[in-house]
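A short write-up of the structure that comes next.
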2 protein chains.
Amino acid sequence: MTSLSIGRLARATDVKVPTIRFYEQIGLLPEPERTQSDRRLYGEADVRRLAFIKHARQLGFAVEAIRSLLALADDPDRPCAEANALAAEQLAVVETKIERLQALRHELRRMARADCDGRAGDCRVIEALGDHSLCADDHDRPATPGALGAL
Amino acid sequence: MTSLSIGRLARATDVKVPTIRFYEQIGLLPEPERTQSDRRLYGEADVRRLAFIKHARQLGFAVEAIRSLLALADDPDRPCAEANALAAEQLAVVETKIERLQALRHELRRMARADCDGRAGDCRVIEALGDHSLCADDHDRPATPGALGAL
DNA sequence: CTTGATCCTCTAGCGGCTAGAGGATGCAGG
DNA sequence: CCTGCATCCTCTAGCCGCTAGAGGATCAAG
């Protein structure tokens, strides 16, 4: 059975060493065995689990959601409805963000197109920022709290 | 000349009171006058400045970028090339995020479509998370650091 | 035996707020 | 004038998901 140092696990999964320790600290990864000199030792299962976590993070799942997904993955007899719900929820989050960003893109494009080259006093960009009424888009609508936040 | 309490300014601009104090603390808003009993007093210029900040934040500009934009807005004789550059940069950031989110959406849709209803052991969602090779999308490409982070 | 890479723990910082403690005012109704 | 509640003040700590650095121990190669 193979066993990996934390550095090797990091390279194997493309996750940084401090991040691995962080995941252990918050309980996403189990506490691994240790060598006599207290160094962490990982096995194949850890590689799989960390890859799972990494992939879920890339898809934008919050750590708490990943915790739930891991619990499901750990216990194959539990019903997977929860997993479907989490995926659907995450999909909705992503779709909301896309819409929102598209509105911002539209607005930024209008600003960037102006591309004035004189004094700041006449700058369209600055003017557009100062005068919201110049905006066509409703990017000031309530939106989900945090829609502007993390992915 | 009108003068507003922090609460009124908050209502006028739809920015929360603690956020206004925060903006003052980090130097986006100037320290306002105070009443005898140490309460902040704002004027029209503050309303405009805060609206500017709010709008820029809605468009996803980082605080540091807003600082630069405000400096430009404060000094109309400076050339506005910097403002154009910041807008273009922000547009690029937003476009990158949109692309990335679209890839995630694609992947999440595939996952959600599976919509299995049995045991977690057979769950497509969990399976998809565990086995990255099932992914068509290249959402694991390097990407800008922080592309997954704040808007 | 030395060098340099890797590992350990611990604490602090990032951005952009948000929440809460603990207290001082201000303002309206009775 | 008093009560009561809204608003204000400062200050500190927390959120998320890491990331960076101090200060030291250990390992593997030459």
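In what follows, chains are A, B, ... by sequence order, proteins preceding strands, each numbered from 1. Just so you know, these numbers use all the heavy atoms, side chains as well, and skip hydrogens, waters and symmetry mates.
Taking every heavy atom of residues 40-50 of chain B and every atom of DNA chain C, no pair lies under 4.0 Å.
The side chain of B:Asp38 has D:dT10 as its nearest neighbour among D:dG17, C:dG16, D:dT10.
If you take CD of A:Glu31 and C1' of C:dT9, they are 14 Å apart, rounded to a whole angstrom. The separation between B:Glu64 atom CD and C:dC17 atom P is 13 Å, rounded to whole Å. Summarising the geometry, the separation between CG on B:Asp14 and P on C:dC17 is reported as 13 Å, rounded to the nearest angstrom. A straight line from CG of A:Leu9 to C1' of C:dC7 spans 14 Å, rounded to a whole angstrom. For the pair B:Glu24 CD and D:dC9 C1', the interatomic distance rounds to 12 Å; values are reported in whole Å. Summarising the geometry, the separation between CZ on A:Phe22 and P on D:dC16 is reported as 9 Å, rounded to the nearest angstrom. As a whole-Å value, the separation of A:Arg34 CZ from C:dT9 C1' is 9 Å. A:Lys54 places its NZ atom 15 Å from the C1' atom of D:dC18, with the value rounded to the nearest Å.
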Kindly determine whether B:Leu86 and B:Ser68 satisfy side chain to side chain contact (heavy atoms under 4.5 Å, CB included), including the steps that lead there. CA-CA 9 Å; B:Leu86 285 167; B:Ser68 307; 3.7 Å; yes

Between B:Glu107 and B:Arg110, does the side chain to side chain contact (heavy atoms under 4.5 Å, CB included) criterion hold? Intermediate values first, please. CA-CA 5 Å; B:Glu107 183 62 24; B:Arg110 282 195 335 128; 3.4 Å; yes

I would like to know whether A:Arg49 and A:Asp74 meet side chain to side chain contact (heavy atoms under 4.5 Å, CB included); could you show each step before the answer? CA-CA 10 Å; A:Arg49 192 176 183 90; A:Asp74 285 344; 3.1 Å; yes

Audit row: A:Arg109, A:Arg105, side chain to side chain contact (heavy atoms under 4.5 Å, CB included) steps and yes/no: CA-CA 6 Å; A:Arg109 276 186 177 155; A:Arg105 177 173 60 183; 3.5 Å; yes

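Direction of the helix axis in the helix from C:dC1-D:dG30 to C:dG30-D:dC1 shifts by 10° between the two five-pair termini, rounded to 10°.
OP1 or OP2 of D:dC18 lies within a sub-4.0 Å distance of a side-chain N or O belonging to A:Tyr23. Regarding contacts with the backbone of D:dC18, a side-chain N or O of A:Arg57 is found under 4.0 angstrom from either OP1 or OP2. Phosphate proximity of C:dT9 to A:Arg21: absent, as no side-chain N or O sits under 4.0 Å from OP1 or OP2. Phosphate proximity of C:dG16 to B:Thr19: absent, as no side-chain N or O sits under 4.0 Å from OP1 or OP2.
Checked by atom type and distance alone, the side chain of A:Gln90 pairs as donor or acceptor with a backbone atom of A:Leu59 at under 3.5 Å.
The minimum heavy-atom distance linking A:Ala83 with B:Val125 is given by the pair O-CG1, 3.9 Å. The minimum heavy-atom distance between A:Phe52 and B:Ile126, with the atom names listed, is CE1-O, 3.6 Å. When all heavy atoms are compared, the tightest approach of A:Arg57 to A:Ala62 is NH1-CA, 4.1 Å. Residues B:Gln102 and A:Gln102 approach most closely at NE2-NE2, 3.5 Å, considering heavy atoms. When all heavy atoms are compared, the tightest approach of A:Val17 to A:Gly7 is CG2-CA, 4.0 Å. Contact record, A:Val15 with A:Tyr23: CG1-CE1, 4.4 Å, taken as the closest heavy-atom pair.
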Please write out each protein N/O paired with an N/O of nucleotides 12-14 of chain D under 3.5 Å, distance rounded to 0.1 Å.
none

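Counting any heavy atom pair closer than 4.0 Å across all strands shown, A:Ile6 reaches sugar-phosphate atoms only and no base atom. Looking at heavy-atom distances under 4.0 Å, B:Phe61 makes no contact with the nucleic acid at all.
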Below 3.5 Å, can you tabulate the donor-acceptor pairs from side chains in residues 38-48 of chain A to any protein atom, sequence neighbours excluded?
| from | atom 1 | to | atom 2 | distance (Å) |
| --- | --- | --- | --- | --- |
| A:Arg40 | NE | A:Glu24 | OE1 | 2.8 |
| A:Glu44 | OE2 | A:Thr2 | OG1 | 3.4 |
| A:Asp46 | OD2 | A:Gly43 | N | 2.9 |

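Within the model, atoms CG of A:Leu9 and CZ of A:Arg11 stand 10.0 Å from one another, a figure rounded to the nearest 0.5 Å.
Shown here are the side-chain contact (heavy atoms from CB on, under 4.5 Å) partners of B:Ala51, two or more places apart in sequence or in another chain: there are none.
Among B:Ile53, B:Leu28, B:Leu29, the one residue that satisfies the side-chain contact (heavy atoms from CB on, under 4.5 Å) test with B:Ile20 is B:Leu29.
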Walk along nucleotides 20-30 of chain D from 5' to 3' and tag each nucleotide B, S or - by protein heavy-atom contact under 4.0 Å, base first, then sugar-phosphate. -----BBS---

